[in-house]
Engineer: 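The structure's right below; bear with me while I get my questions together.
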Number of protein chains: 2
Amino acid sequence: MKLSNTNQRRIIIEELRKLDTHPTADELYIIVREKIPQISLGTVYRNLELLSKKGQILKLELTGKQKRFDGNIENHYHLRCTKCGRVVDIEIDDMLEIDKKLNELVDRLSLDGYRLELSGICEICKTEK
Amino acid sequence: MKLSNTNQRRIIIEELRKLDTHPTADELYIIVREKIPQISLGTVYRNLELLSKKGQILKLELTGKQKRFDGNIENHYHLRCTKCGRVVDIEIDDMLEIDKKLNELVDRLSLDGYRLELSGICEICKTEK
DNA sequence: TTAAAATTTGATAATAATTACTATTACTCT
DNA sequence: AGAGTAATAGTAATTATTATCAAATTTTAA
């Protein structure tokens with residue numbers, strides 16, 4: 001099935017790519033409404049689902065009730081803050097090595113992949129305290 | 001707050017510990033009803049939550065809508081089958097090394113921990129095909 | 001042991017997140 | 001432009017989980 005080019009879809013992906021906050025569907029809905037006030041929440045959900053199926057964005061199924069979405073599809077890692085709940089990108093050199101080992105494992109066992117989520121206090125909460 | 005010793009709680013934990021299927025609350029509810037037919041789903045949810053808070057069982061927040069619970073609180077890893085959706089324990093020597101590296105990372109960055117979920121076809125689905 | 005205090009239960013209602021439905025509107029392709 | 005397909009807004013439905021509360025059970029401590 002081919003995706004048509006709708007204004008709604010374009011804005012959704014555009015706004016998501018501007019963010020590094022990994023918004024939930026309803027958070028992005030609020031942002032997108034600034035551009036398209038009459039858009040419905042269902043449209044946001046539908047498009048996020050479609051776009052993640054097509055590999056244009058990432059759907060993050062982390063701890064917590066709500067799914068989150070990420071416009072950055074490059075391989076990277078997430079930290080969920082145990083204090084504020086934010087999901088932030090984490091950049092560590094060690095991850096390369098761990099990633100390599102995990103990929104070896106995945107290959108050897110003919111698996112599909114893995115999902116890793118770190119948890120702890122994020123930088124923002126650390127400095128706030 | 002101290003937990004009282006109720007029949008319901010005892011059966012819930014007993015039945016959960018017999019399983020290695022990481023049941024959802026409603027799956028366990030069906031099983032527990034064999035022993036206590038009048039038990040309510042709310043009681044199962046409430047106790048699973050309490051027991052996991054007390055560290056007597058594990059609450060697994062993996063991919064998928066429903067939370068799962070594990071009576072085995074020892075450090076081990078899970079594979080979610082992309083075909084049947086089952087969550088199975090995975091025993092691999094490599095995990096020790098990966099676990100060590102991840103724990104080092106967690107320590108160095110003063111994090112709380114990490115959550116890892118492997119995905120692929122489980123043994124049951126492999127042999128069935 | 002017994003009565004008051006605390007906790008838990010079953011039953012049910014409420015909530016929250018997501019998905020489904022549908023008539024209408026917008027794209028796409030020739 | 002016009003037929004065919006896909007998407008939208010608005011709303012209803014669903015699903016998983018949590019909250020509420022009166023009655024029952026368990027614990028505590030005299």
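Values below: all heavy atoms of this structure, side chains included; hydrogens, waters and symmetry mates excluded. Naming: A, B, ... by sequence-line order, numbering from 1 per chain. Here the structure is a predicted model, which is why all the values come from computation and not from measurement.
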Engineer: Just report the end-to-end axis angle for the helix from dT1(C)-dA30(D) to dT30(C)-dA1(D), five pairs per end, to 10 degrees.
Structural biologist: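 Terminal axis comparison yields 40°.
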
Engineer: Give one of base, sugar-phosphate or nothing for Asn47(B), where a contact means two heavy atoms less than 4.0 Å apart.
Structural biologist: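 Sugar-phosphate contact only.
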
Engineer: Is the number of heavy atoms from other residues, nucleotides or ligands under 6.0 Å of Lys100(B) NZ greater than 12?
Structural biologist: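 Atom NZ in Lys100(B) is not packed in, count stays at 12 or less.
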
Engineer: Looking at every non-hydrogen atom in both residues, tell me the closest pair between Tyr29(A) and Ile39(A) and how far apart they are.
Structural biologist: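 Reported closest heavy-atom pair: CE1-O, 3.4 Å.
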
Engineer: Tell me which residues in residues 30-40 of chain B lie within less than 4.0 Å of DNA chain C, going by non-hydrogen atoms.
Structural biologist: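 The answer is Gln38(B), Ile39(B), Ser40(B).
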
Engineer: Output yes when a side-chain donor or acceptor of Gln66(A) lies under 3.5 Å from a complementary backbone atom of Ala25(A), and no otherwise.
Structural biologist: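 Pair absent, no side-chain N/O of Gln66(A) close to backbone of Ala25(A).
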
Engineer: Of all the choices, dA7(D), dT18(C), dT26(D), which nucleotide is nearest to the side chain of Leu3(A) once you look at every atom?
Structural biologist: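 The answer is dA7(D), which lies nearest to the side chain.
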
Engineer: Of all the nucleotides listed (dT17(D), dT18(C), dT8(C)), which has the minimum atom distance to the side chain of Tyr45(A)?
Structural biologist: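 The listed nucleotide nearest to Tyr45(A)'s side chain is dT18(C).
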
Engineer: Assuming nearest nucleotide by heavy-atom distance, tell me which of Ser4(B) and Gln8(A) is located more 5' along DNA chain C.
Structural biologist: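 It is Ser4(B), whose closest nucleotide lies nearer the 5' terminus.
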
Engineer: Do other residues, nucleotides or ligands put more than 12 heavy atoms under 6.0 Å from Gln38(A) CD?
Structural biologist: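 Yes, CD of Gln38(A) has more than 12 neighbouring heavy atoms, counting only those of other groups under 6.0 Å.
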
Engineer: Need to verify one output field. Residue with the more 5' nearest nucleotide on DNA chain D, Asn7(A) or Ala25(B)?
Structural biologist: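 Nearer the 5' end of the strand: Asn7(A).
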
Engineer: Any donor and acceptor pair, going by atom type alone, linking the side chain of Arg80(B) with main-chain N or O of Leu62(B) inside 3.5 Å?
Structural biologist: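 Not at all, since once roles are kept as given, no pair shorter than 3.5 Å links the two residues.
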
Engineer: Among dT9(C), dA17(C), dT8(C), find the nucleotide with the atom closest to the side chain of Thr43(B).
Structural biologist: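 Nearest to the side chain of Thr43(B) among the choices is dT9(C).
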
Engineer: Please pick, from dT18(C), dT17(D), dT18(D), the nucleotide with the shortest atom-to-atom distance to any side-chain atom of Glu49(B).
Structural biologist: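 Nearest to the side chain of Glu49(B) among the choices is dT18(D).
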
Engineer: What nucleic acid atoms does Arg9(B) come within less than 4.0 Å of, heavy atoms only: base, sugar-phosphate, or nothing?
Structural biologist: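 Here Arg9(B) touches the backbone only, sparing every base.
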
Engineer: Base, sugar-phosphate, or nothing for Asp26(A), non-hydrogen atoms under 4.0 angstrom?
Structural biologist: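 If one applies the 4.0 Å heavy-atom cut-off, Asp26(A) turns out to touch nothing in the nucleic acid.
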
Engineer: Would you please say whether a donor-acceptor pair under 3.5 Å links the side chains of Asp107(A) and Asn103(A)?
Structural biologist: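 There is no such pair (donor and acceptor under 3.5 Å, judged by atom type) between the side chains of Asp107(A) and Asn103(A).
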
Engineer: dT8(D), dT17(D), dT26(D): which one has an atom nearest the side-chain heavy atoms of Thr6(B)?
Structural biologist: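 Output: dT26(D).
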
